[in-house]
Amino acid sequence: MVTMQAIVVKVPGGASQLATGDVKRPVPKPTDILVRVHAFGVNRLDILQRSGNYPPPPGASELLGVEFAGVIEELGAEVLGFSKGERVASLVGGGAYAEYAVVDYRLAFALPKSLTFEVGASIPENWMTAYKALFYSCQIKAGDDVLIHAGASGVGCAAIQLAKLVGARKIIVTAGSQDKIDRCFEWGATHGINYKKEQFANKVSEITDGKGVDCLVDFVGGDYWDANLAALGMDGRMVMLGFLGGAAVHNTNISPILRKRLTIQGSTLRSRDLGFQSELKDKIVTEVLPHIVSGKLKVVIDTVYPWTDIQEAHKRMESNSNVGKIVVVVN
């Protein structure tokens, strides 16, 4: 058996349960590429999986990690359009926290020479999630007013820039400090709300002259439910990407959904089928990646850790201290 080093979870629990260990090196299927991983992104779902609360989808690796960048080591017999030694980045169902990862070639994209592996590893999950949230779920268009919660997160900073790119009018963000709000302004936000100091629904009403926003990207869930409904305008669209504030809602008034003709949609990326993920990847390659290469869009990296410091990387995400993406390099 050919082995490799990977980050393993000793037992489900806190960051202290992460360690390097020997595991079986994956073998590519006919439509897979085997990639020598140089860098991978850290995501909130990795924390949930490490804790035992987010199992990987059927058929995916049990190892953590849903995005990486590296160099193709081996090609399956049915792979098209790639060659051995090529630099790539990719979304993956699991297994990115390792020296080697396999992924269906239709999820990977060639990494332009001007982009580092760290940047490449920061693109798939955040930018695909943000693009899907805004363009598929919220159907954003030029002139819309937008509210993006967790504006300084990896997905948040991507969503701000995509909203600006499409021509959104007012791009409102929430964040937990003025420093984070100031960073959001750098990426294109027009208004910032410190959720620790202000009621965001009231502030949104003030900013939009009582109209409310057309699009809302939410990661919080239960705690924000009533305020989110209040912040949405007529025919508003909200996409829910997480439940950081809990999944339960008690004693709520759902009449705004009917009265304002609201559309509310949940969205996950990891559980979507290959066809959907591949289509979304193609959108990123054609509509987003050229702007990243040109510098019009910025991939915001908070911290880069060696994988020997994987525990610290997870602790930083859990502390909500990061502004942008946390990346780990395989060394």
Item to check | Which atom of P57 lies closest to which atom of R270, heavy atoms considered | outcome: CD-NE, 3.5 Å
Item to check | Main-chain N/O of L18 paired to Q311 side chain as donor or acceptor, under 3.5 Å | outcome: yes
Checklist entry - Taking the six-membered ring of F68 as reference, does the NZ or CZ atom of R36 fall below 6.0 Å from its centre and within a 45° cone about the axis? => result no
Which side-chain N or O atoms in residues 86-96 pair as donor and acceptor under 3.5 Å with protein atoms at least two apart or in another chain?
{"unit_1": "E86", "atom_1": "OE1", "unit_2": "S83", "atom_2": "N", "d": "3.1"}
{"unit_1": "R87", "atom_1": "NH1", "unit_2": "L111", "atom_2": "O", "d": "3.1"}
{"unit_1": "R87", "atom_1": "NH1", "unit_2": "P112", "atom_2": "O", "d": "3.0"}
{"unit_1": "R87", "atom_1": "NH2", "unit_2": "L115", "atom_2": "O", "d": "2.7"}
{"unit_1": "S90", "atom_1": "OG", "unit_2": "L107", "atom_2": "O", "d": "3.3"}

Checklist entry - Can you name the residues that form a side-chain contact (heavy atoms from CB on, under 4.5 Å) with V27, not counting sequence neighbours? => result none
Checklist entry - Looking only at heavy atoms, what is the nearest atom pair of V330 and A98, with distance? => result CG2-O, 4.0 Å
Next on the checklist: Listing request: all salt bridge (Lys or Arg N to Asp or Glu O under 4.0 Å) pairs with a residue in residues 240-253, at least two apart in sequence or in separate chains.
Outcome noted: none
Next on the checklist: With rounding to the nearest 0.5 angstrom, report the CZ to CG distance, R316 to D302.
Outcome noted: 4.0 Å
Item to check | Atom of A133, atom of V239 and distance for their closest heavy-atom approach | outcome: CB-CG1, 3.7 Å
Checklist entry - Under the salt bridge (Lys or Arg N to Asp or Glu O under 4.0 Å) criterion, do K141 and D144 qualify, and how do the steps go? => result CA-CA 6 Å; K141 60 185 182 300; D144 278 349; 3.2 Å; yes
Checklist entry - Are N253 and S255 linked by a side-chain donor-acceptor pair shorter than 3.5 Å? => result yes
Item to check | ring-ring contact (aromatic ring centres under 6.0 Å, His included) partners of residues 122-163, not counting sequence neighbours, each pair once | outcome: Y131-F135, Y136-F276, H149-F200, H149-Y224
Checklist entry - For E279, does its backbone N or O pair with a side-chain atom of D282 as donor and acceptor, under 3.5 Å? => result no
Checklist entry - Where the side chain of K281 meets the backbone of R106, is there a donor-acceptor pair that is under 3.5 Å apart? => result yes
Item to check | K132-S137 side chain donor-acceptor pair, cut-off 3.5 Å | outcome: yes
Checklist entry - How far does CG of L280 sit from CG of L269, to the nearest 0.5 angstrom? => result 6.0 Å
Next on the checklist: Suppose the criterion is salt bridge (Lys or Arg N to Asp or Glu O under 4.0 Å): which pairs have a residue in residues 42-69, not counting sequence neighbours?
Outcome noted: R50-E318, E67-K325
Next on the checklist: Quiz question: by atom type and distance under 3.5 Å, do the side chains of T252 and D226 form a donor-acceptor pair?
Outcome noted: yes
Next on the checklist: Can you pull out every salt bridge (Lys or Arg N to Asp or Glu O under 4.0 Å) where at least one residue sits in residues 250-262? Sequence neighbours excluded, please.
Outcome noted: D235-R261
